[in-house]
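For reference, the structure is listed below as structure tokens.
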Amino acid sequence: MTNKEVADILERVGQVLEIRGENPFKARAYYSAARTIENLGEDINRTVSEGALSDIPGFGEALTKKVTELVTTGRMGYLDEIMEPLPEGILTLLKIPDVGPKKVRVFYDSLGIGSIDELEEAASDGRLAKLAGMGEKSQAGILDGIRLYRRYQGRRLLSDALGPAEHVLREIKKIAGVKRASLAGSIRRRLETIGDIDILAASDDAPGVVRAFTELDGVERVPAAGDTKGTVIFAPGIQIDLRVVEDRSYAAARHYFTGSKEHNIHMRRLAVEHGWKLNEYGLFDGDTMLPARDEEALFAHFVMEAIPPELRENTGEIEAALRGKLPDLVETKNVRGLVHIHSSWSDGKMSLQELGRQIKRRGFTYFVLSDHSKAVTIANGLTESRVRRQWEEVARVQEHLSRFRIFRSIEVDIMRDGSLDYDDSLLSQFDCSIAAVHSGFAMSSQEMTARIIKAVSNPYVDILAHPTGRLLLQREPYAVDIEAVLQACADNDVAVEISAHPLRLDLDWRYVKAAKDIGAKFVVSLDAHDPEDLDYLAFGVGVARKGWLEKADVLNCLTAQQFAKRLSDRRRGL
DNA sequence: GCCGTTTTCGGCCCGACTGTTTTCAGTCG
């Protein structure tokens with residue numbers, strides 16, 4: 001089972017416990033365990049087989065036993081047991097806004113509702129409004145929520161949310177009385193998919209700011225608006241929450257609303273250990289607020305380094321900050337060259353000339369041309385003879401580009417047996433080659449792992465592209481022992497791609513830190529086909545930062561000369 | 001269900017908003 005699958009089961013256990021009305025802290029223990037496994041950065045199967053599960057905080061006797069059972073047998077008897085009287089679809093009800101475990105229980109006990117369809121029916125014919133604690137408004141709200149859920153399924157890509165978020169933030173900053181404002185929540189942490197957009201503002205007139213927010217152009221509906229906080233549905237169907245606090249609370253509120261939830265709980269526990277209290281209004285010693293103008297000052301009270309938002313996932317960042325051991329994270333401006341660029345020779349939209357012009361204009365000093373190899377016929381992959389003709393054109397274009405270099409590379413296909421689409425004699429003549437899987441996704445994990453490891457063991461492979469093949473919200477990663485693959489990359493000095501393409505963001509940040517720890521190097525690459533793809537770099541850098549990477553871990557932070565030297569040194573060392 | 005530099009029992013982060021309520025439960029983040 002994958003970490004995600006195990007986490008999902010633990011999540012379900014927590015939800016069922018809540019619906020059954022059991023100790024909420026017991027449910028929380030399962031939720032917390034789910035988050036831990038999801039963000040573990042290590043294959044849970046390995047953790048279990050090494051007997052290391054019980055070393056992880058939050059895993060006591062019971063959870064260790066149950067997760068071990070789940071991983072080794074594929075089932076958890078306890079979940080079957082507590083699910084026993086309940087219909088399979090009942091947990092999907094929790095995906096509807098304003099429907100939580102208590103209401104699910106009432107709906108099921110009173111009306112036998114066990115699916116979203118049944119909930120919709122009961123809301124449509126008025127039965128829901130008659131239940132205890134319900135009314136006409138709640139019933140209408142649930143119908144609305146079902147429509148919204150069906151349209152968007154709750155999440156969208158970071159790249160799709162960022163535009164509207166920044167637009168609305170600009171509008172909020174224009175509202176009279178707003179002193180400062182910023183994005184918060186998962187969008188600020190640069191999570192790859194976003195549920196809703198959180199924005200924070202400082203003002204002495206919170207109600208006035210909330211009102212103005214709900215009246216902005218583009219607001220479709222206003223599910224909630226109070227004195228300090230409002231929620232709107234913004235076209236096209238994105239939920240935006242605004243919270244307004246006094247300026248003196250801004251730092252604490254910004255920290256609080258950025259999360260993650262687990263990070264916040266950990267920080268609050270730390271505050272309690274100091275005898276303080278931390279909430280969104282400030283850090284308090286009794287009734288005295290410990291002043292903090294910004295988040296840096298807030299962290300300083302704890303005698304710890306300021307934790308960048310991307311790291312706030314409670315995966316060790318608080319411990320590291322207390323020891324003064326946080327990484328000096330890579331920044332977008334550190335990147336000198338763009339990697340994994342397609343041209344119109346295969347399925348890209350831009351000519352070599354245009355690529356040179358566009359990329360140089362953006363301030364980069366080199367790019368790594370990487371069209372498809374011949375096996376990817378649908379993408380007009382290059383035959384051997386077309387490769388040679390492309391090189392001639394590269395030479396011609398290069399002549400007209402001063403202090404700018406085009407690296408001759410290829411995105412060479414990894415065949416089903418792990419061999420490569422070109423023979424070594426051709427590969428050896430490229431400056432660099434990027435190996436990638438584009439077909440045969442359905443094979444077993446053992447086969448896929450062996451296939452990729454064989455490919456990265458080829459001495460002429462320099463980079464492994466999109467290592468898991470996932471497409472966010474569209475396609476799950478293929479089955480593969482990603483840790484074994486990353487180990488092979490580290491052993492063979494093959495750089496691991498972090499695809500900045502918003503639909504990929506692959507390698508997943510959850511594995512980046514672990515890969516770094518075993519000695520892997522990375523490129524933050526674009527997989528660019530269109531001109532707009534050239535502007536996606538920051539999304540990849542976001543993943544690198546979430547994976548604790550520094551400038552020295554990312555090869556395309558090297559200058560063109562250094563990058564060239566690294567490639568040639570590597571090949572000379574063969 | 002987890003956890004412990006006072007604790008192996010008794011805590012577990014904390015507040016806003018809504019709707020259905022006469023003082024609060026449920027949901028959300």
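We name chains A, B, ... by the order of the sequence lines, and we start the count at 1 in each one.
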Atom pairs under 3.5 Å, N or O on each side, protein against nucleotides 11-14 of chain B: can you list them with distances?
residue: B:dC13; atom: OP1; partner: A:Arg28; partner atom: NH1; Å: 2.2
residue: B:dC13; atom: OP1; partner: A:Arg28; partner atom: NH2; Å: 3.1
residue: B:dC13; atom: OP2; partner: A:Arg28; partner atom: NH1; Å: 3.4
residue: B:dC13; atom: O2; partner: A:Arg268; partner atom: NH1; Å: 2.4
residue: B:dC14; atom: O4'; partner: A:Arg268; partner atom: NH1; Å: 2.4

inquiry  = Please compare A:Pro223 and A:Leu94 by the position of their nearest nucleotide in DNA chain B and report the one closer to 5'.
reply    = A:Pro223

message = Restricting to side chain to side chain donor-acceptor pair (under 3.5 Å), what partner residues turn up for A:Arg248, sequence neighbours left out?
response = none

inquiry  = Test of understanding: with ring-ring contact (aromatic ring centres under 6.0 Å, His included), list the residues that count as partners of A:His466, not counting sequence neighbours.
reply    = A:His438

inquiry  = Heavy-atom count check: over 12 atoms from other residues, nucleotides or ligands less than 6.0 Å from A:Asp217 CG?
reply    = no

ask   = Are any of the side-chain nitrogens in A:Glu295 or A:Arg312 under 4.0 Å away from the carboxylate oxygens of its partner?
value = yes

note = In A:Arg155, A:Lys546, A:Arg510, the residue satisfying salt bridge (charged side-chain N to carboxylate O under 4.0 Å, His left out) with A:Glu192 is A:Arg510

query = Which pairs, with at least one residue in residues 293-323 of chain A and sequence neighbours excluded, count as a ring pair (Phe, Tyr, Trp, His ring centres under 6.0 Å)?
reply = A:His255-A:Phe299, A:His274-A:Phe302, A:Trp276-A:Phe302

request  = Please state how far atom CG in A:Asp144 lies from atom P in B:dG19, giving the value in whole angstrom units.
outcome  = 12 Å

Please write out the pairs of protein N or O atoms and N or O atoms of nucleotides 3-8 of chain B separated by less than 3.5 Å, giving the distance to one decimal.
residue: B:dC3; atom: OP1; partner: A:Gly58; partner atom: N; Å: 2.7

request  = Return the value, rounded to whole Å, for the distance between atom CE of A:Met267 and atom P of B:dG29.
outcome  = 22 Å

request  = With heavy atoms under 4.0 Å as the rule, sort A:Lys65 into base, sugar-phosphate or nothing.
outcome  = nothing

ask   = Can you tell me how far P in B:dT21 sits from the matching atom in B:dG26, rounded to whole Å?
value = 13 Å

What nitrogen or oxygen pairs link the protein and nucleotides 20-27 of chain B at under 3.5 Å?
residue: B:dT20; atom: OP1; partner: A:Gly135; partner atom: N; Å: 2.6
residue: B:dT20; atom: OP1; partner: A:Gly135; partner atom: O; Å: 3.2
residue: B:dT20; atom: OP1; partner: A:Glu136; partner atom: N; Å: 3.4
residue: B:dT20; atom: OP1; partner: A:Ser138; partner atom: OG; Å: 3.2
residue: B:dT27; atom: OP1; partner: A:Gly100; partner atom: N; Å: 2.7
residue: B:dT27; atom: OP1; partner: A:Gly100; partner atom: O; Å: 2.9
residue: B:dT27; atom: OP1; partner: A:Lys103; partner atom: N; Å: 2.9
residue: B:dT27; atom: OP2; partner: A:Lys102; partner atom: N; Å: 3.1

Rounded distance in Å between the C1' positions of B:dC13 and B:dT8 = 24 Å

task = Decide, yes or no, whether a salt bridge links A:Glu171 with A:Lys174 under the criterion of side-chain N to carboxylate O below 4.0 Å.
result = yes

inquiry  = Side chains of A:Tyr250 and A:Ser182 only: does a donor on one sit below 3.5 Å from an acceptor on the other?
reply    = yes

ask   = Between atom CG in A:Asp241 and atom C1' in B:dC28, what is the gap in whole Å?
value = 9 Å

inquiry  = Could you measure the distance from the CH2 atom of A:Trp548 to the CG atom of A:Leu329? Nearest 0.5 Å is fine.
reply    = 9.0 Å

query = In whole Å, what is the span from the CD1 atom of A:Ile82 to the C1' atom of B:dG1?
reply = 12 Å

ask   = A:Leu283 CG to B:dG15 P: how many Å, rounded?
value = 13 Å

inquiry  = Suppose you measure atom P in B:dT6 against the same atom in B:dC2; what distance do you get, rounded to whole Å?
reply    = 24 Å

task = Could you tell me whether A:Ala225 contacts a base, only the sugar-phosphate backbone, or nothing, with contacts defined as non-hydrogen atoms closer than 4.0 Å?
result = sugar-phosphate

request  = Verify the contact: side-chain N or O of A:Thr231 to OP1 or OP2 of B:dC28, cut-off strictly under 4.0 Å; return yes or no.
outcome  = no

query = Is it the case that more than 12 heavy atoms not belonging to A:Lys179 sit under 6.0 Å from its NZ atom?
reply = yes

message = With rounding to the closest Å, how many angstrom separate the C1' atoms on B:dG1 and B:dT5?
response = 24 Å

query = Rounded to whole angstroms, how far apart are CD1 on A:Ile142 and P on B:dG19?
reply = 12 Å

Nearest-angstrom distance from the residue atom CZ of A:Arg254 to P of B:dG29 = 20 Å

ask   = Around A:Glu50, counting heavy atoms of other residues, nucleotides and ligands shown, do more than 12 lie under 6.0 Å from its CD?
value = yes

key: Whole angstrom value for the distance that separates P of B:dC2 from CG of A:Asp55   = 14 Å

request  = Heavy atoms only: give me the nearest A:Ile240-A:Ile199 pair and the separation to one decimal.
outcome  = CG2-CD1, 3.9 Å

message = Within the supplied structure, the quantity of interest is the number of heavy atoms (other residues, nucleotides, ligands) at a distance under 6.0 Å from A:Arg75 CZ; does it exceed 12?
response = no

request  = Using the P atom as the reference point in each nucleotide, state the distance between B:dC28 and B:dT20 in Å, no decimals.
outcome  = 16 Å

message = Please compare A:Gly226 and A:Gln239 by the position of their nearest nucleotide in DNA chain B and report the one closer to 5'.
response = A:Gly226

inquiry  = Taking the minimum atom-to-atom distance to the side chain of A:Ala29, which one of B:dA16, B:dG1, B:dG29 wins?
reply    = B:dG1

ask   = What is the pairing partner of B:dT8, taking Watson-Crick or G-U wobble pairs with both distances under 3.5 Å in any strand?
value = none

inquiry  = Please report the distance separating the P of B:dA16 from the corresponding atom of B:dG11, rounded so that it comes out in whole Å.
reply    = 25 Å

